[in-house]
2 protein chains.
Amino acid sequence: MAKSPGQAKAPQKAPGNQPKTARGEATRKAILSAAERVIGARGYNDASIGQITSEAGVAQGTFYIYFATKEQVFSELVLEMGRLVRHTIAEATQGIFDRLDAEKAGLTAFLEFVRAHPDLYRIVQEALFVDPQAYREYYLTFADGYRAGLVAAEEAGQISAGDAETRAWALMGIGRSLGEQLVVFEADKPIPEIVASAHDLIANGLKP
Amino acid sequence: MAKSPGQAKAPQKAPGNQPKTARGEATRKAILSAAERVIGARGYNDASIGQITSEAGVAQGTFYIYFATKEQVFSELVLEMGRLVRHTIAEATQGIFDRLDAEKAGLTAFLEFVRAHPDLYRIVQEALFVDPQAYREYYLTFADGYRAGLVAAEEAGQISAGDAETRAWALMGIGRSLGEQLVVFEADKPIPEIVASAHDLIANGLKP
DNA sequence: ATGAAACATGAATCAGTATTCATGTTTACC
DNA sequence: GGTAAACATGAATACTGATTCATGTTTCAT
């Protein structure tokens, strides 16, 4: 009676509980990874919780121990993709101080990444409709970093002067489009060839 | 009895019946146009037939007189968007014989179009998940035309030599990304400024 | 004018599936 | 070695929304 009722527990209710055990950790990861595969392959709406949990080898209810909604697991995938891509590119351009060289290395790394993770690529695209906020964050963060890099390169005299903001979006667009050519349109051209052509365009433009 | 039953009619069953009357024509157009607005605004999955028909001012059942499924109306919108964009750009570059000038005019026309039709822009993006076939056709058709133009320009000595296929995808990506900056990220930079920066990049590249 | 085809209605059907829940099982810690 | 929290189960719930259909109304060729 004097137990101050209804305060001391939120066991299986709280949204997106973090696991507190090794077992829980593993299960959560299994679900997230299954979600990546299932949603990537069938799209958000055609992917069902049943498919995801079955792919993960757990019961349907288990999903809701770790994720509050179907949308939440999707959001996390988008976030993860953002971190992975930025990390991959940062790694690949580490220690390259000439911007044009870095541009080439970054594009190569990006294209290799999307070829290796076609599911994640599609998931980001779909975020525009499923989780616009996550989508915006993904591209705005990316664009910001890109622009900062271009400004620095311009100040260092490594590239010509120009509007870094527009350039950043344009260059992002090149990467995105070439990535899509690989993943969605299944072009089989070798990445180095694609990068060589694209880099020539980026460095020198179309002028004869 | 001798009426050869079940052969002589398919009145309200056939998929996507074309209208045969002025009235029907008008109704179909009203539904298509309502669908553009509703799907563009809420996305394919959150848009319901009820919303579309209500926006069009007809009853729910009327939808199925003209479209076999929800997906079909979507497909038609993607197709229409493709025709419109190609037509708009063709018109804007009509009579411009220098490729770099045409590139500038085409980009301007494209950006103005997407700013005027944000709904259609989003619909094409979503087609990747709702109607992949239509999506592929949209971009493959576009890329093909683009590539042909670049090949011709190269032969005419108007642009430097290079892989037209990769260049076409890269340039498409620039347009797409800048269009998205306008529509999705609601940048308010004037189109001529964007085009000027982008065109400088396209013509001259980043080299100092 | 009139009958058949075309068009329109909106309530009922029907299936899919996200989410919940009552009930067990396992783990961590004393 | 016992117990409370954490984890797991899968059947039941609950709702949404696409599609159908039986029934009217309008149009148009003759």
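Order of the sequence lines sets the chain letters (A, B, ...), proteins ahead of strands, with each chain counted from 1. Worth knowing before you read on, the calculation uses all heavy atoms, side chains too, and leaves out hydrogens, waters and symmetry mates. Since the model is a prediction, treat every value here as computed from it, not as a measurement.
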Scan side-chain atoms only and decide if [X] and [Y] contain a donor-acceptor pair under the 3.5 Å cut-off.
X        : Y        : answer
A:Gln72  : A:Glu76  : yes
B:Ser33  : B:Arg37  : yes
A:Tyr139 : A:Arg176 : yes

What is the distance from [atom1] of [X] to [atom2] of [N], rounded to the nearest Å?
X       : N      : atom1 : atom2 : answer
B:Glu25 : D:dT26 : CD    : C1'   : 17 Å
B:Arg28 : C:dA8  : CZ    : C1'   : 16 Å
B:Ile31 : C:dC7  : CD1   : P     : 11 Å
B:Phe67 : C:dA8  : CZ    : P     : 12 Å
B:Tyr44 : D:dT16 : OH    : P     : 19 Å
A:Tyr64 : C:dA22 : OH    : C1'   : 18 Å
B:Asn45 : D:dA18 : CG    : C1'   : 12 Å

Output the single nucleotide from [options] whose closest atom is nearest the side chain of [X].
X       : options                : value
A:Gln60 : D:dG10, C:dT9, D:dA18  : D:dG10
A:Thr27 : C:dC7, D:dA18, D:dA8   : D:dA8
A:Ile49 : C:dA8, C:dA18, D:dA8   : C:dA18
A:Ile65 : D:dA8, C:dT17, D:dA18  : D:dA8
B:Lys70 : D:dG10, D:dT19, C:dA18 : D:dT19

message: Looking at B:Arg42, I want to see if its CZ is surrounded by more than 12 non-hydrogen atoms of other residues, nucleotides or ligands under 6.0 Å.
response: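 Result for CZ/B:Arg42: open.
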message: What contact category does B:Ala26 fall into here, base, sugar-phosphate, or nothing, at under 4.0 angstrom with non-hydrogen atoms?
response: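 The residue B:Ala26 makes no contact with any strand.
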message: Using a 4.0 Å heavy-atom cut-off, does A:Thr62 contact any base of the nucleic acid, only the sugar-phosphate backbone, or nothing at all?
response: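 If one applies the 4.0 Å heavy-atom cut-off, A:Thr62 turns out to touch a base.
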- prompt: Salt bridge or not for A:Lys104 and A:Asp101, using N-O below 4.0 Å?
  reply: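 Salt bridge absent between A:Lys104 and A:Asp101.
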- prompt: Closer to the 5' end of DNA chain C via nearest nucleotide, is it B:Gly24 or A:Phe63?
  reply: B:Gly24
query: For C:dA8, does either OP1 or OP2 sit under 4.0 Å from a side-chain N or O belonging to B:Tyr66?
result: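 The answer is yes; a side-chain N or O of B:Tyr66 sits under 4.0 Å from OP1 or OP2.
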message: Can you classify the ring geometry of B:Phe67 versus B:Phe63 as parallel (below 30°), tilted (30 to 60°) or perpendicular (above 60°)?
response: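 Rings of B:Phe67 and B:Phe63: tilted, as their planes differ by 30° to 60°.
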Heavy-atom protein contacts under 4.0 Å, nucleotides 25-30 of chain C, coded B base, S sugar-phosphate only, - none: -SSS--
query: Between A:Tyr121 and A:His117, does the ring centre distance come in under 6.0 Å?
result: no
